[in-house]
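Below is one structure, written out as structure tokens; the observations come after it.
Order of appearance sets the numbers: ligands from 1, and atoms from 1 within every ligand.
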Amino acid sequence: MEIVEQPELMQDLADRLRREGKQIGLVPTMGALHDGHLSLMRRCRSENDTSVMSLFVNPLQFNQKSDLAAYPRDLEGDLKKAEAAGVDLVFAPTEQAMYPEGFQTFVTVEELTRRWEGEFRPGHFRGVATVVAKLCTIVKPHRAYFGQKDYQQALVVERMVRDLYLDVEIVVMPIVRDPDGLALSSRNVNLSIEERKAALSLHRSLAFAEERVRAGERDAKAIVEGMRRIIEREPLARVDYIACCHPETLEPLDRIGGRVLFTLAVWIGKTRLIDNALIPR
Ligand code: AMP
């Protein structure tokens, strides 16, 4: 497995691979790898000749310095896991290489980023869109892999790719969970045993929503209120948002007609967790 730090070198390698007719797949990550990341890598490996994983804790998408500082890092462990998952090339640029002095070009996706994560984390999606656009022009992938865990992010990236005619196919993969339902997240390592128990309320509330929809409930607000009650029963939990919305526009819904997205962000102690469910699946 090769490790490349320099964007220019990565671009040269990508050019060479493309000239040789190789299909390139990219899995963008911020490291602290878990089985969710690995599921993207396995899919990437099965669909491409060369699998590239980027590893970059993107400061631009953190709206709080403390969150960036607390973000888990494990370079050595990540490289081992990536290699075992069959990654051919790790692109791990420095902050200086990605945002050198004088850098002043950003990508903003407008409507899709107004609500939910965009509202609670101002500037977050500008950071995400900018870094993903840069990763695509540096790694030149034919396909890039994202997780449904960050549902709004995947939509934002898909919109950006369409709007900018970026020549890459976006593949979105299902949420990988622990056996008890907790969605895997790099941030989970920051949870104490007690907090991890409280964090199960996120999945419990989504399971409740699914059960209510299946039972014929069409009042979205009533379901969201039920979800809130489930989560607020946990003294360690503090809700940022819980919503039932249109799966493409992310506009909130009062009534459930077709497929809907339930999405939520909840603080458990000092750790902010997100989760979602498309219902019906
Ligand atoms: P991150 O390192 O948190 O930026 O995540 C890198 C990619 O892995 C993103 O596309 C995430 O949506 C995806 N991802 C994170 N957690 C999971 C999960 N539990 N299941 C599937 N994909 C995930």
>> Using the salt bridge (charged side-chain N to carboxylate O under 4.0 Å, His left out) criterion, which residues pair with Glu83? Sequence neighbours excluded.
In response: none
May I ask you to say whether [X] pairs ionically with [Y], meaning some side-chain N is under 4.0 Å from a carboxylate O?
X      : Y      : answer
Asp67  : Arg121 : yes
Asp275 : Lys149 : no
Arg43  : Glu47  : yes

> So which pairs with a foot in residues 70-97 pass ring pair (Phe, Tyr, Trp, His ring centres under 6.0 Å), sequence neighbours left out?
Replying inline: Phe62-Tyr71
> Going by the ring pair (Phe, Tyr, Trp, His ring centres under 6.0 Å) test, which pairs reach into residues 121-166, not counting sequence neighbours?
Replying inline: none
> Hey, which residues fall under 4.0 Å of ligand 1 on heavy atoms?
Replying inline: Pro28, Thr29, Met30, His34, Gly36, His37, Leu40, Tyr71, Phe146, Gly147, Lys149, Asp150, Gln153, Pro174, Ile175, Val176, Leu184
